[in-house]
Amino acid sequence: MILIGVAYSIYGAALWPMVPIIIKEEHLGTAFGITIAFQNAGLAFGSNIVGLIKSNTVGYHLVIVFLIGVCIIGIVSGVFIYFLNIKHHDCDLQKPTQDIMRA
């Protein structure tokens, strides 16, 4: 469970710097708004889903399965962003910030 919490923290911290790198400046407000909406939806519904699973089952086995599933969705979306970065953004997410700002 501790590793899942660490993974959530790292993924959230890595998500925010990616937005201005891969989104055009005129769409940044919308992109950040959508990012915030998805993150808040996860915060709002995630605990409710965990509570629902826990109240209908004995133990925490299915809760952990749910949280691992959420981590898998995060990994899949991260891999998707990685390949989109290679195909459409000339690997900008892998460059140092100074190189991106100069371009």
Side-chain angles (χ1 to χ4, degrees):
M1 290 296 289
I2 292 172
L3 291 177
I4 290 174
V6 171
Y8 289 153
S9 299
I10 291 172
Y11 192 75
L15 182 68
W16 292 105
M18 287 192 299
V19 175
I21 293 172
I22 61 175
I23 302 296
K24 293 179 184 175
E25 190 172 349
E26 60 266 14
H27 300 296
L28 270 182
T30 303
F32 277 120
I34 291 170
T35 305
I36 290 170
F38 274 108
Q39 214 168 22
N40 284 337
L43 291 172
F45 297 120
S47 58
N48 291 334
I49 293 170
V50 167
L52 184 66
I53 292 170
K54 178 60 183 125
S55 66
N56 291 322
T57 60
V58 177
Y60 286 93
H61 177 71
L62 288 179
V63 171
I64 293 174
V65 170
F66 169 73
L67 294 174
I68 289 171
V70 171
C71 284
I72 290 171
I73 290 170
I75 290 168
V76 168
S77 64
V79 170
F80 180 71
I81 290 171
Y82 174 77
F83 285 112
L84 279 178
N85 176 47
I86 291 172
K87 185 174 182 181
H88 298 291
H89 296 285
D90 194 30
C91 298
D92 282 344
L93 296 177
Q94 298 165 337
K95 295 177 183 174
T97 306
Q98 293 84 7
D99 293 349
I100 295 168
M101 301 312 259
R102 282 187 221 137

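Owing to the predicted nature of the structure, the values given are computational and were not obtained by experimental measurement. Heavy-atom basis, side chains included; hydrogens, waters and symmetry copies ignored.
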task: Return the set of residues passing ring-ring contact (aromatic ring centres under 6.0 Å, His included) with Phe32 (not counting sequence neighbours), or none when no residue passes.
output: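 Counting only residues at least two positions away or on another chain, Phe32 forms a ring-ring contact (aromatic ring centres under 6.0 Å, His included) with Trp16.
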
- prompt: Counting heavy atoms not belonging to Glu25, are there more than 12 under 6.0 Å from its CD?
  reply: no

- request: Only counting residues at least two apart or in another chain, list the ones meeting side-chain contact (heavy atoms from CB on, under 4.5 Å) with Lys87.
  value: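 Expected list: none.
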
task: Output all residues satisfying side-chain contact (heavy atoms from CB on, under 4.5 Å) with Asn56, sequence neighbours left out; order by chain, then residue number.
output: Leu52

message: To the closest 0.5 Å, what do you measure between CG (Leu84) and CE (Met18)?
response: 10.5 Å

- prompt: How long is the gap from CD1 on Ile86 to CZ on Phe83, to the nearest 0.5 Å?
  reply: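 Rounded to the nearest 0.5 Å, the CD1-CZ separation comes to 5.5 Å.
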
query: Which heavy atom in Ala31 sits nearest to a heavy atom in Val19, and how many Å separate them?
result: CB-CG1, 3.7 Å

Show me, pair by pair, the donor-acceptor contacts under 3.5 angstrom made by side chains of residues 60-81, not counting sequence neighbours?
{"residue": "Ser77", "atom": "OG", "partner": "Tyr11", "partner atom": "OH", "Å": "2.7"}
{"residue": "Ser77", "atom": "OG", "partner": "Ile73", "partner atom": "O", "Å": "3.2"}
{"residue": "Ser77", "atom": "OG", "partner": "Gly74", "partner atom": "O", "Å": "2.9"}

- prompt: Which residues, ordered by chain and number, are linked to Phe38 in its hydrophobic cluster, where ILVMFWY side chains connect at heavy-atom gaps below 4.5 Å, directly or through other members?
  reply: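 Result for Phe38 is Ile34.
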
